[in-house]
Amino acid sequence: MSDVRVIDRERRDRLGEGLLWSARETALYWVDILGARVNRLDLASGRVDDWAMPDTIGWLIEREQGGFVAGLGRAFVALSFDPLVIETIVAPEPERDGNRFNDAKADAAGRIWAGSMPLTCDRPSGAFYRLDPDGRATRIEDGYTIPNGPAIGDGFLFHTDTALDTIFRYPVHDDGSVGAREPHIVFEPDWGHPDGMTIDAEGYLWVACWGGSCVARFDPA
């Protein structure tokens with residue numbers, strides 16, 4: 001792991017997150033949430049392109065038909081580039097000024113699970129949503145302060161509130177409905193804070209530990 005380099009580019013991110021590898025384009029996308037930009041690194045040429053967004057942008061998820069679904073401000077949008085086209089799918093929080101989308105993940109059925117949060121990171125005004133392929137959004141849970149890292153395993157969905165240092169677990173059913181939320185992992189004070197996460201092929205949960213300078217791997221138990 002000694003061959004690490006900083007990508008050469010003119011513009012630096014204010015809050016760079018949400019890496020997305022596009023096999024279709026052989027390119028790496030990521031967002032600058034607070035800088036309101038989308039970045040794309042072309043692996044063949046090393047060129048980095050970026051696009052200004054009209055609001056904060058929390059994440060991108062690639063669509064089979066081309067383009068992306070994105071969390072733009074407080075709305076789910078369809079997004080494409082060259083030329084830039086943005087179309088609102090649904091805005092589930094019209095009454096929650098000061099919120100934004102933060103992190104999301106798609107499951108095998110094409111549903112998107114996404115959390116919203118306050119820009120100030122200081123109150124539980126956020127929520128957890130499911131966007132179905134037909135464009136309907138369902139509020140799964142309320143009261144999130146800093147939602148992070150949905151991860152989808154075998155029959156369970158994991159979601160974090162970083163402000164609570166807790167990774168929650170939901171039983172998830174084939175139709176997308178979920179059971180009661182329960183605490184799954186509560187971080188110790190010297191672990192840092194749970195942030196983004198994913199599940200590997202063996203069912204282990206990998207968690208980025210913000211402030212802990214590490215990535216932790218938890219077994220299924």
Side-chain angles (χ1 to χ4, degrees), residues 1-7 12-21 28-35 37-39 41 56-61 70-71 99-107 112-129 140-172 178 180-221:
M1 294 296 292
S2 60
D3 185 19
V4 177
R5 66 182 178 88
V6 176
I7 297 170
R12 313 309 301 174
D13 294 333
R14 288 180 59 193
L15 183 58
E17 288 200 9
L19 293 169
L20 171 69
W21 169 248
L28 182 70
Y29 284 85
W30 73 98
V31 299
D32 181 0
I33 297 175
L34 298 182
R37 304 191 79 87
V38 174
N39 304 289
L41 168 65
T56 58
I57 182 161
W59 44 269
L60 293 172
I61 292 174
N99 270 12
R100 65 168 176 84
F101 273 126
N102 189 54
D103 207 353
K105 193 74 60 70
D107 66 18
I112 294 176
W113 305 81
S116 68
M117 63 175 285
L119 283 161
T120 52
C121 307
D122 63 355
R123 63 184 188 276
S125 65
F128 189 34
Y129 294 94
I140 301 297
E141 194 90 43
D142 235 325
Y144 277 90
T145 300
I146 307 177
N148 260 309
I152 302 157
D154 185 15
F156 291 99
L157 185 145
F158 302 90
H159 196 224
T160 291
D161 193 335
T162 303
L164 298 178
D165 285 327
T166 301
I167 299 172
F168 296 101
R169 186 176 73 171
Y170 295 87
V172 60
V178 299
R181 184 181 80 169
E182 60 180 19
H184 182 61
I185 300 169
V186 179
F187 265 43
E188 301 287 344
D190 59 349
W191 291 5
H193 308 278
D195 203 317
M197 57 186 176
T198 194
I199 294 176
D200 67 20
E202 297 176 337
Y204 285 73
L205 185 67
W206 294 76
V207 183
C209 303
W210 186 87
S213 302
C214 68
V215 175
R217 184 179 189 240
F218 297 91
D219 67 33

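Source: prediction; values computed, not measured.
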Are side-chain heavy atoms of Ile185 and Trp191 found at a separation under 4.5 Å?
yes
Is there a side-chain contact (heavy atoms from CB on, under 4.5 Å) between Phe101 and Ile33? Walk through the geometry before answering.
CA-CA 9 Å; Phe101 273 126; Ile33 297 175; over 6 Å; no
Rounded to the nearest 0.5 angstrom, the CG-OG1 distance for Leu119 and Thr56 is 6.0 Å
Given Tyr170, which partner from the list His159, Glu182, Glu141 fulfils the side-chain hydrogen bond (donor to acceptor under 3.5 Å, both in side chains) test?
Glu141
Least distance between heavy atoms, Ala114 atom then Ala104 atom
CB-CB, 3.7 Å
What distance do Arg181 atom CZ and Leu157 atom CG have between them, rounded to the nearest 0.5 Å?
12.0 Å
Can you tell me how far the CG atom of Leu28 sits from the CG atom of Leu41, to the nearest 0.5 Å?
6.0 Å
Got a second to check how far Arg37's CZ is from Leu15's CG, nearest 0.5 Å?
15.0 Å
With rounding to the nearest 0.5 angstrom, report the OG1 to CZ distance, Thr160 to Phe128.
9.5 Å
To the nearest 0.5 Å, what is the distance between CG on Leu205 and CE on Met197?
5.5 Å
Leu20 versus Trp59: any side-chain heavy-atom pair under 4.5 Å?
no
A side-chain contact here means heavy atoms from C-beta on lying under 4.5 Å apart; do Pro183 and Phe168 qualify?
yes
Could you list the donor-acceptor pairs under 3.5 angstrom formed by side chains in residues 209-221, with sequence neighbours left out?
from   : atom 1 : to     : atom 2 : distance (Å)
Arg217 : NE     : Asp200 : OD2    : 3.4
Arg217 : NH2    : Asp200 : OD2    : 3.2
Arg217 : NH2    : Glu202 : OE1    : 2.9
Asp219 : OD1    : Ala221 : N      : 2.9

Spell out, as yes or no, whether a donor-acceptor pair under 3.5 Å connects the side chain of Arg169 to the backbone of His184.
no
Just by distance, do the side chain of Asp32 and the backbone of Arg14 share a donor-acceptor pair under 3.5 Å?
yes
For Trp21, check ring-ring contact (aromatic ring centres under 6.0 Å, His included) against everything at least two apart and list the hits.
none
Of all heavy-atom pairs linking Ala151 and Ile199, the shortest is CB-CG1, 4.0 Å
Gly126 versus Asp142, closest heavy-atom pair with distance:
O-OD1, 3.4 Å
Under 3.5 Å: donor-acceptor pair, side chain of Asp161, backbone of Ile146:
yes
What closest approach, in Å, do Ser125 and Pro118 show between heavy atoms, and which atom pair accounts for it?
OG-CB, 3.4 Å
For Thr162, which of Thr145, Asn148, Asp103 qualifies under side-chain hydrogen bond (donor to acceptor under 3.5 Å, both in side chains)?
Asn148
Closest heavy-atom contact between Ala106 and Ile152?
O-CD1, 3.7 Å
Closest approach of Pro147 and Asn102, non-hydrogen atoms and distance?
O-ND2, 2.7 Å
